Amino acid sequence: MKEYNPGLIEPKWQKIWDDNGTFHADNMSLKQKYYLLIEFPYPSGKGLHVGHPRPYTALDIVARKRRLEGYNVLFPIGWDAFGLPTENYAIKNKVHPRQVTRENIARFKEQLKSLGFSFDWSREINTTDKNYYKWTQWIFIQLFKMGLAYKKEFPINWCPSCKVGLANEEVVNGNCERCGGGVHKKVKNQWMLKITEYADRLIDDLDGLDYIERVKTQQKNWIGRSYGLEVDFKIDGTEETLKVYTTRPDTLYGATYMVIAPEHELIEQFKDKISNYEELVTYREESSNKTDIERTEVVKDKTGVSIKGLEAINPITGEKIPIFVSDYVLITYGTGAIMAVPAHDSRDYDFAKKFELPIIEVVSGGNIAEEAFTDNEQGKMINSELINGLEVNAAIEKISDYLENKGIGKRTKNFKLRDWVFSRQRYWGEPIPLVNCDNCGWVSLDEKELPLELPDVESYEPTDNGESPLAIIEDWVNTTCPKCGGKAVRETDTMPQWAGSSWYFLRYLDPRNDKALASEESIDYFMPVDWYNGGMEHTTLHLLYSRFWHKVLYDIGVVKTKEPYKKRTSHGMILGENGEKMSKSRGNVVNPDEIVEEYGSDTLRMYEMFIGDFEKSVPWSMNGVKGCRRFLDKFYKLQDILVDSDRYSSDMEVIMHKTIKKVSHDFETLKYNTGISTMMELVNTFNKKGEINIKEFETFLILLNPVSPHITEELWVDVGLPGMLNQSKWPEYEEGKTIDDTIDMPVQINGKLRGTIKIKRDADLKTVKAIVFANPELLSNIEGKTIIKEIFVPGKIFNIVIK
RNA sequence: GCCGAAGUGGCGGAAUGGCAGACGCAUACGACUCAAAAUCGUACGGGAAACCGUGGGGGUUCAAGUCCCCCCUUCGGCACCA
């Protein structure tokens, strides 16, 4: 009797797979391809924790299953290695980021290898490799040439402690996502990417995709498309107009004042006419000095200043209405100006109350004396001459037509999505391959000059004035213009971490290509990604950015599919045993190394999948790990009760077919936990029977293999099955053999269970009644009562309704 | 405030409208052992029972964790987006 010893088995099989290149994908295969993608890790200094293997194991299961089903599977791995944590660590410890990165990758790699993932390591990529970022830079140049990259003075989110500009996405509740410190506004000249130009396509193309619904809705909400009308309000006594954007033109009769953002150009334009100009400038300065937290803190108490000397004219009523400046109107959305309808917008209502402005009800059904009536789609228009009596939607159409015909309105749409701030004033990122020439302006490097290498320097600390560390390397900065040959300076900002990850799935296809980011053939063959699993936290950042870049590459013919990922799923977080998020400071981090050491990676992998609903967060449990090890021990011992046979034994046939069906299905639908529990039941069944034949065992080995690959490969050889398990085929089931002949049919009286009877599945009512009414125990429930109704669902249930 | 997901034993969690709690953990008892661990076996929602039990309240149905309406709570996302 042999002992199960994962410490021996696991390294052995990992070496065999490595030596044989078992999991290498063929570049040109007649087999159907299947491309599985996990989010490539950021190699931090902390190493893996047990949260990492959860998504990796899930797709590894699919990868292994697909190979057994005869697919040419591409399941690659790489490193998203540029970024702030490494740079910060490097600065603190005086080690070059390149060195830190190398060490971190080595550690991650060792850990991942010990878990037995079937990655194609021959395609390993690294975003900090110059042969990789060469192509990141190449894509940037394409964006630049297409006019999708532009430089703009922009009030960006500035983190004074990281000394870095942040994208909107990196600001969480007004704080820096990385260091947690407060974020201020700072005007910087930044490279921006016009993702907004793709906003419609990023929404509309979601329709054909197999993404989990919450990802789709989150992306749609983030992009935030709305349809409305731009309306011109005349400024009294001038020829100028003030343009507003509104989604509710039907409420125009209720527009009793206007509000513009503090930064609105109108203030400068009419500087001379405005009698309280100074006051407005002061207000503007105050609001720009507010951090985002301060701005949201004062949500309840609106501030603002009336513009004295200017009045607007409501285009439909002809009334003169005042104009205010307030920071509740954002310069970055719509036209930076609004018509305020206090009766039907709670923000306008609050403002009107505070500044004692008139409130005119135009949709009936609310209580204007108490609060704004906003949920009014069913309401009818009142006090609105042209559209009185209409419902809201009809009124919107009618008034929009009217204003468009008069030339003072225009149907339009707006997005919440902003352009992508692409510059970082940091060292550890891809240099932006542009120079600024005195004669030619911004010019991109010749593509043959790529990669523009990150200069190896001693000091990569951020500068106090917020410039990139590259800015002080004079012999790097000063260069010549590729266009005119004159004097030019390099762009010294680097790219954000999202750059390298926006296209990495393409590099896997052909990772050593030095002529293109990947060959056309490989792109044609492997794209799109069939299944991409990753964290929900990447929904509005990485996932959207990479879809955007892919569409750009589609537009220039590099890729042939509109979308990079056919299917997107997401996993829940693994929490510490105390139910809190795993972190060093909470002291609840579990290192996978310990589990592998004590129980083996097959156990770890199984527990990662058995721990609970894959899509939900769940606390770790060491006892749960033990339970999985117990299962593998029992499984291993099945070889002691093995008997010979070339077919499933008759009493096991149904359960075998059922199990194949259930496991096959569950591995495809993120129900790994129930798939595993089905196999646990199967072990229990065999143990109860005291016997398993070789045919049954063979099937069982293959079913379990994707979850726990080492033990199953080992047993395959041990019991003398031919070749290796990884060369075998995924078992098939026959639908007809998944159904039991006899069942325990529940018998209910008035919907309450009173017993079960053993019958043939296809037994008819007559047969069932004969058994039920011969059963004294069941009968005692009915005695003396009148039977009103009998509900019989063949093969399911028999329910007697009595009175 | 808006959008989304979810509330089932001591815990993680199962249940095409048809036997609620599969499977695992924890726990208790028994076997083995000098003893313990490991292993194996039995029990394990509450209640003495009738019965009661899937966040709360209504409803549809022969039958509801599952469908409909209202409410509460938790988590995730967004947050003055006009």
Side-chain angles (χ1 to χ4, degrees), chain A residues 168 172-174 212-222 224-226 228-229 244-248 251 255 259 261 292 295-296 298-300 302 326-330 332-341 344-348 350-351 374 414-418 536-537 539-540 570 572-573 577 579 606-607 610-613 615-628 630-631 633-634 637 671 673-684 687 743-756 788-793 795-802:
Chain A
N168 286 331
V172 178
N173 293 329
I212 48 172
E213 213 46 47
R214 55 201 167 116
V215 169
K216 286 192 183 182
T217 39
Q218 239 180 70
Q219 289 209 344
K220 282 182 195 164
N221 291 345
W222 181 261
R225 179 164 61 189
S226 77
L229 202 70
V244 301
Y245 173 72
T246 176
T247 57
R248 294 297 304 275
T251 61
V259 187
D292 279 9
R295 262 181 97 139
T296 42
V298 293
V299 161
K300 283 179 198 101
K302 297 254 180 298
S326 173
D327 61 6
Y328 86 86
V329 171
L330 309 172
T332 46
Y333 185 79
T335 62
I338 61 156
M339 64 178 211
V341 184
H344 303 289
D345 181 292
S346 44
R347 297 155 300 182
D348 298 344
D350 294 345
F351 192 86
T374 54
N414 261 299
F415 299 94
K416 286 200 237 177
L417 185 72
R418 308 288 158 71
M536 277 313 284
E537 70 276 20
T539 303
T540 52
S570 200
M573 222 189 322
E577 294 215 65
M606 169 166 279
Y607 182 60
F610 186 66
I611 189 167
D613 184 337
E615 303 193 73
K616 285 195 211 136
S617 299
V618 61
W620 187 259
S621 154
M622 280 303 175
N623 282 324
V625 178
K626 270 193 255 172
C628 288
R630 264 199 280 263
F631 166 75
D633 281 327
K634 283 196 229 173
K637 285 202 188 105
K671 306 275 185 205
N673 53 338
T674 50
I676 290 167
S677 71
T678 306
M679 290 191 278
M680 289 175 167
E681 287 177 71
L682 191 61
V683 162
N684 293 344
N687 274 327
I743 57 162
D744 289 317
M745 176 174 277
V747 178
Q748 299 182 333
I749 312 289
N750 284 349
K752 277 183 187 143
L753 184 73
R754 292 300 174 201
T756 59
I788 302 172
K789 209 171 175 181
E790 287 164 348
I791 286 105
F792 175 65
V793 184
K796 281 277 188 232
I797 204 161
F798 182 48
N799 186 12
I800 305 165
V801 185
I802 57 171

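Remember, predicted model here, so these are calculated numbers, not experimental data. Numbers restart at 1 for each chain; the letters A, B, ... are given by sequence-line order, proteins then strands.
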Think [X] has a side-chain N or O under 4.0 angstrom from the OP1 or OP2 of [N]?
{"X": "A:N623", "N": "B:rA26", "answer": "yes"}
{"X": "A:S226", "N": "B:rA82", "answer": "yes"}
{"X": "A:R630", "N": "B:rC25", "answer": "yes"}

Ignoring the backbone of [X], work out which of [options] is nearest its side chain.
{"X": "A:S677", "options": "B:rC23, B:rC19, B:rA14", "result": "B:rC23"}
{"X": "A:I791", "options": "B:rC80, B:rG18, B:rA14", "result": "B:rG18"}
{"X": "A:Q218", "options": "B:rA82, B:rG77, B:rC62", "result": "B:rG77"}
{"X": "A:D613", "options": "B:rG13, B:rG18, B:rA82", "result": "B:rG13"}
{"X": "A:E681", "options": "B:rA82, B:rA22, B:rC19", "result": "B:rA22"}
{"X": "A:Y328", "options": "B:rC80, B:rA26, B:rG18", "result": "B:rC80"}

Same-atom distance ([atom1]) from [N] to [M], integer angstrom:
{"N": "B:rG58", "M": "B:rA20", "atom1": "C1'", "result": "22 Å"}
{"N": "B:rU60", "M": "B:rU66", "atom1": "C1'", "result": "13 Å"}
{"N": "B:rA5", "M": "B:rC69", "atom1": "P", "result": "14 Å"}
{"N": "B:rU54", "M": "B:rG65", "atom1": "C1'", "result": "5 Å"}
{"N": "B:rA43", "M": "B:rC3", "atom1": "P", "result": "50 Å"}
{"N": "B:rC23", "M": "B:rG41", "atom1": "P", "result": "13 Å"}
{"N": "B:rU8", "M": "B:rG55", "atom1": "P", "result": "6 Å"}
{"N": "B:rG4", "M": "B:rC11", "atom1": "C1'", "result": "27 Å"}

* **A:F351 and A:Y328 aromatic ring geometry - parallel, tilted or perpendicular at 30°/60° bounds** => tilted
Rounded to the Å, how far apart are [X] [atom1] and [N] [atom2]?
{"X": "A:K671", "N": "B:rU16", "atom1": "NZ", "atom2": "P", "answer": "9 Å"}
{"X": "A:D327", "N": "B:rA79", "atom1": "CG", "atom2": "P", "answer": "16 Å"}
{"X": "A:D633", "N": "B:rA37", "atom1": "CG", "atom2": "P", "answer": "18 Å"}
{"X": "A:W222", "N": "B:rC3", "atom1": "CH2", "atom2": "C1'", "answer": "14 Å"}
{"X": "A:D350", "N": "B:rG1", "atom1": "CG", "atom2": "C1'", "answer": "12 Å"}
{"X": "A:K220", "N": "B:rC2", "atom1": "NZ", "atom2": "P", "answer": "20 Å"}
{"X": "A:F610", "N": "B:rG12", "atom1": "CZ", "atom2": "C1'", "answer": "8 Å"}
{"X": "A:I676", "N": "B:rG12", "atom1": "CD1", "atom2": "P", "answer": "18 Å"}

Looking at every strand, decide which applies to [X] at a 4.0 Å heavy-atom threshold: base, sugar-phosphate, or nothing.
{"X": "A:K789", "answer": "sugar-phosphate"}
{"X": "A:M680", "answer": "sugar-phosphate"}
{"X": "A:E790", "answer": "nothing"}
{"X": "A:T678", "answer": "nothing"}
{"X": "A:G627", "answer": "sugar-phosphate"}
{"X": "A:N684", "answer": "sugar-phosphate"}

* Given side chains that start at C-beta, do those of A:V341 and A:T246 come closer than 4.5 Å, heavy atoms only? -> no
* Taking the side chain as every heavy atom from C-beta outward, state whether A:M679 and A:F610 have any pair of such atoms under 4.5 Å apart. => no
Please check: side-chain N/O of [X] versus main-chain N/O of [Y], any donor-acceptor pairing under 3.5 Å?
{"X": "A:N414", "Y": "A:S226", "answer": "no"}
{"X": "A:N750", "Y": "A:I802", "answer": "yes"}
{"X": "A:Y607", "Y": "A:S621", "answer": "yes"}
{"X": "A:E790", "Y": "A:F798", "answer": "no"}
{"X": "A:Q748", "Y": "A:I797", "answer": "no"}

* Structure fact -> Listed range with range, the stems formed with RNA chain B by at least 3 consecutive Watson-Crick or G-U pairs (under 3.5 Å) are B:1-7 with B:72-78, B:10-12 with B:23-25, B:27-31 with B:39-43, B:55-59 with B:67-71
* Rounded to the nearest 0.5 Å, what's the gap from NE2 on A:H344 to CZ on A:R248? Could you check? => 7.5 Å
Establish whether the base of [N] is bridged to the side chain of [X] by a donor-acceptor pair shorter than 3.5 Å.
{"X": "A:K634", "N": "B:rU39", "value": "no"}
{"X": "A:N799", "N": "B:rC62", "value": "yes"}
{"X": "A:K616", "N": "B:rC75", "value": "no"}

* If the glycosidic angle is within 90 degrees of 0 it's syn, otherwise anti, so just tell me which one B:rG9 is. => syn
* Asked: Residues two or more places apart in sequence or in another chain: which of them pass salt bridge (Lys or Arg N to Asp or Glu O under 4.0 Å) with A:K616?
  -> A:D613
* **Residue whose nearest RNA chain B nucleotide is more 5′ - A:I338 or A:P619** => A:P619
* Does A:V793 or A:T335 map to a spot on RNA chain B nearer the 5' end, using the closest nucleotide for each? -> A:V793
